[in-house]
Amino acid sequence: MWKCLHPYAKPEKSYQLAGKLLPWFIIFSAITFIVGTVWGLLFAPADYQQGDSFRIIYIHVPAAMMAMAAYSSMAMAAFVALVWQIRLAEITVIATAPVGAVFTFIALFTGAAWGKPMWGAWWVWDARLTSELILLFIYLGIIALYNAFSDKVLAGRAASILTLVGVINLPIIHYSVVWWNTLHQGATISKFEKPSMAIEMLWPLIIMIIAFAAFLGTLMLMRFRNEILARESHRPWVLRLIETDDAQRLQKDK
Amino acid sequence: MFNAFLQVVSKELKGAFRRRSDILNPIWFFVIVVMLFPLAIGTEPALLKRIAPGIIWVAALLAALLSFERLFKDDFIDGSLEQLMISPYPLAWIVSAKVFAHWLLTGLPILLVSPLLGIFLSLNMDTYYALLLTLLIGTPILSLLGAIGVALTVGLRKGGILLSLIMLPLSIPILIFSTMAIEAAAYGQSYLGLLALLGAMLVASVTFAPFAIAASLRVSVS
Amino acid sequence: MFNAFLQVVSKELKGAFRRRSDILNPIWFFVIVVMLFPLAIGTEPALLKRIAPGIIWVAALLAALLSFERLFKDDFIDGSLEQLMISPYPLAWIVSAKVFAHWLLTGLPILLVSPLLGIFLSLNMDTYYALLLTLLIGTPILSLLGAIGVALTVGLRKGGILLSLIMLPLSIPILIFSTMAIEAAAYGQSYLGLLALLGAMLVASVTFAPFAIAASLRVSVS
Amino acid sequence: MLHCKKLTCVREGRILFKDLSFTVNSGEIVHFEGANGVGKTSLLRLLTGLSTAYAGNVFWQGKDISIDRESFYQQLLYLGHKTGIKAELTALENLQFFQAMQSSRLDLNLWDILAKVGLAGYEDILTSQLSAGQQRRVALARLWLNDSSLWVLDEPFAALDKLGITVLEALFIEHVKNGGIVLLTTHQDLSIDASLLSKIRLIAAVDDLYV
Amino acid sequence: MLHCKKLTCVREGRILFKDLSFTVNSGEIVHFEGANGVGKTSLLRLLTGLSTAYAGNVFWQGKDISIDRESFYQQLLYLGHKTGIKAELTALENLQFFQAMQSSRLDLNLWDILAKVGLAGYEDILTSQLSAGQQRRVALARLWLNDSSLWVLDEPFAALDKLGITVLEALFIEHVKNGGIVLLTTHQDLSIDASLLSKIRLIAAVDDLYV
Ligand code: HEM
Ligand SMILES: Nc1ncnc2c1ncn2[C@@H]1O[C@H](COP(=O)(O)OP(=O)(O)OP(=O)(O)O)[C@@H](O)[C@H]1O
Ligand SMILES: Nc1ncnc2c1ncn2[C@@H]1O[C@H](COP(=O)(O)OP(=O)(O)OP(=O)(O)O)[C@@H](O)[C@H]1O
Ligand SMILES: [Mg+2]
Ligand SMILES: [Mg+2]
């Protein structure tokens, strides 16, 4: 299976492949974003308890889900990077980390903003909140570790190791906080877990989740390309790329 | 090979005994924390009892966090770490020895002073046993996980802060499971399940952590 | 001469900004402590509120204690301390600059993050103000007293433990006065008297500590 | 036999050397020369496998050293700028550790060796309380203890007095006569016979090539 | 003029030297010689007032140095085994600090001085990422910055390449020609004219006298 992927293990090839995929991702995420946002904000009915403030769910839940999805893809990339020593996988890891961190932050921020009217406090020590906060710390740790190394090859390897160690811990963290929390007090969040959401509320949510996923993919591809360019900036193919790019731009100007 | 393990451990211990502070520091840190809290919070026995396990575990965690920087840093600075890395034994094995020595110097003293703490914070017998057991299982896990963080950051100038950033998420589950077990004990419930969980984590980290540590060292010391 | 003061401060700050960790470490330490306690003790807001000032002050004290070792140690190891000691300015003046820089790097960040702590630990406004004031007056005293301890122990291998042994008794009064003030504030009582006491301690230590530090350095670096 | 193939070393985006290849046979002393900052230490660390080259490989007895580290390290003794001596242990304790870890010559009497490096009477003093040159002597005492064939020494003469240097040079010659290899850097002139000694001079790249 | 009167140095109960007296006039370079561990560093530290002698006094311009430290230190530049360079600052920042603290020559361009010590192009790299010799060059750059008349240098040539040593020796000669004093230790031979150079050789006490 890895054999057929091998050509793409070359930076140049995968740079081009990412370039080809990128427009599709952009278009797809733009469309789903527009549909989801319009539907969710304008057409979905207001919640009978929370009124319109519940609409923050259309950002909150997708962001929270993508925060985890981003980490899973990082973990897979890290595994590939360490076992098969593929540098592009390392690049994937660190291309994804900041994106994941931002999604996590969005989930936390929207959650806190939602919590103030709903629970009367910005922050409570709830299981979900705590594990999300810890996820943010893990992301920050990976990013900080990467940036602390001046040699980017070593940095990528170190970040991959940490990602992998983190992924082993993530489920443990998840369950530990869930159990810990339920021992002290009833799950605060349970009142929102109504048996089922009204279907008109659910559809926009699903679309928004898809939109966030596509957006995550877009950002990953962009950062992936940038990272390759930065690392290979003095390789002939990149120099050629810059030349042709300049030439095209000159022609356009004319 | 087993001889190499023993040699590394005994060298660490010798050095620590020579410095003295390495042995007393964790104990002393403990005593400080446990002394300061009654001073700072007030001395109602009920309140103290309620928060005692938490305080002890947080103190253990902080003590571990503080002692970690030492784990490879001194060796890195004076070049011994390089020498260990080019020794003819598997690096994972050598670092296991170092981590074991580290636990002997930080985890064990904490266990040894814990009876004192029990008295200071008026714990009852059951709670105390639970505390002891969780410390016994939990501190080696902390040492192993911490060593990964240290190994990743030892060559870096900004090591300190990064280390705690990395360590914190890794150590929270242990903290939570342990305090849960102690609380269960305080309410007279069974906490075997939680202990088993901690035990499983210990086994897993003993198995995998040395390799992660060795790999991290090869990356960060170069 | 004032220029020398500024130069020393700015060099310290530059180095710290370069290392980054030196600035973030105290803040981060705080965040850790404040995160760990709810996790370890339980999440009842009432309980948290009750012990919050104590936790914050113990954390401040520990953070100070931890950062002290750095105060002269790095300079001692790389020889900069010797160079400062043979600079053509009074040593007491130079060390004042170093202590001031140290406070900027450890005390001030603690003040700056304290609003966040207020939120996390659900403090009310009055308590929070009292906390802020006591931290503002108390942390410089801690820095000055700590510096004496560090200066006495910097040349010694066994520095760490000795330092905290020396530091602890010196800092307990500050801890007690401060938490008393905060508690008074929490009950809506006046705490000006306590603040005045802390202020007097600050004045005394600003006046005398630099000379004690300079004398200690001459003894221990030789 | 140590063989380097097309080693390239890059630090901070600056190429230190490029496509460096050479072979050292047993019985040779190789002196790496070059101005400060030209890359001698970096090269030696590549040869020991402590850092990884940007490109190229190092072979020991025909095998890539990164593949079977343990058996390579059985044959290697490396002393860097940092000596790996523990300041809080005595000279004797330091040597005991090295003897147990890295030498098969457990029969040697450490007191004799300490006397050989001029530290008789200082066995029980903490290394931190020795003078700069005495500390280096403790590290160098490992050379007498060791039976590995490849010695990689980064400025072994630093802080050493003249007598110390003479003794050390004699030891190098003895080692290569027994079929060993010595790779070393130093800024001082060696008084070793040219038949045993080869020199590799590193020169800074004229144009600072960036990768 | 530096004058020592009956200096006795004791470390760990061992007498290193006893009743040592000498005078150094301006325009002299003094080279302290002696085997490893004989007490050169200890002596230099006594002369700078960093440590206190077991017995005896040091006088600078006729005044005991321990009485008016500040004005003595105005005239003193000391570089020890440990160089006092901050690893987390760049070469330029390190020099800026020294210029502001210890020199009255605020007009000098630091970039020129860095070029003089062969660090052109390395101004903005953290000192920790320089090679051993480059780090020492950063410390030695202070000699160009400084206008104090008494230089006390403990193994200034350590880790330095030959070119560096030549440049430094020329600087010493210039300094003493301008009426300065240079006290140094090194285990390498100096190629300085004998008319400027005097040597003080420390010899280990034959019978290890214990106090
Ligand atoms: C800082 C605070 C908060 C954080 C960190 C947070 C985090 C999360 C996370 C991690 C999820 C899981 C997404 C998934 O299923 O994959 C989630 C889902 C959800 N959150 Fe939040 N949350 C916060 C506050 C809130 C608040 C205040 C509310 C509402 C009052 C809320 C309502 C929801 C709902 C309804 C879901 C979807 C539940 C489900 O279907 O599983 N959250 N949140
Ligand atoms: N910090 C110290 N504490 C106790 N004794 C010391 C200390 N430093 C040095 N000594 C002892 O003093 C003696 C002289 O040391 P010193 O450093 O002055 O020697 P040196 O002449 O500079 O040697 P080298 O050429 O190796 O630098 C040595 O025997 C050493 O053991
Ligand atoms: N840890 C490091 N990180 C980044 N760059 C480094 C590091 N160490 C050295 N360098 C750079 O690599 C180059 C070569 O350094 P190296 O230590 O190999 O020189 P060297 O030939 O051993 O010099 P010296 O004679 O001074 O010991 C230097 O220009 C230095 O700036
Ligand atoms: Mg070198
Ligand atoms: Mg010396």
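So that the names make sense, note that chain A is the first sequence line, chain B the second, and so on, each numbered from 1.
Using a 4.5 Å cut-off between heavy atoms, E/Q129 contacts chain D through its side chain alone, with no backbone atom that close. Heavy atoms of E/L160 lying under 4.5 Å from chain D belong to its backbone as well as its side chain. Both the backbone and the side chain of E/A35 come within less than 4.5 Å of a heavy atom in chain D.
Shown here is D/K5, whose NZ atom has no more than 12 heavy atoms of other residues, nucleotides or ligands within 6.0 Å.
Of the residues considered (E/G34, E/S131, E/A159), E/A159 shows the highest number of contacts with chain D, using heavy-atom pairs under 4.5 Å. Chosen from E/R137, E/E155, E/H81, the residue pairing most often with chain D at heavy-atom distances under 4.5 Å is E/R137.
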Run the side-chain contact (heavy atoms from CB on, under 4.5 Å) test on E/I125 and D/R11 for me, step by step, so that the C-alpha distance in whole Å, both residues' side-chain angles and the decisive distance to 0.1 Å come before the verdict.
CA-CA 12 Å; E/I125 297 182; D/R11 298 217 84 151; over 6 Å; no

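No side-chain donor-acceptor contact under 3.5 Å links D/D161 to the backbone of E/H187.
Between D/K162 and E/D189, the closest heavy-atom pair is NZ-OD1, 2.8 Å.
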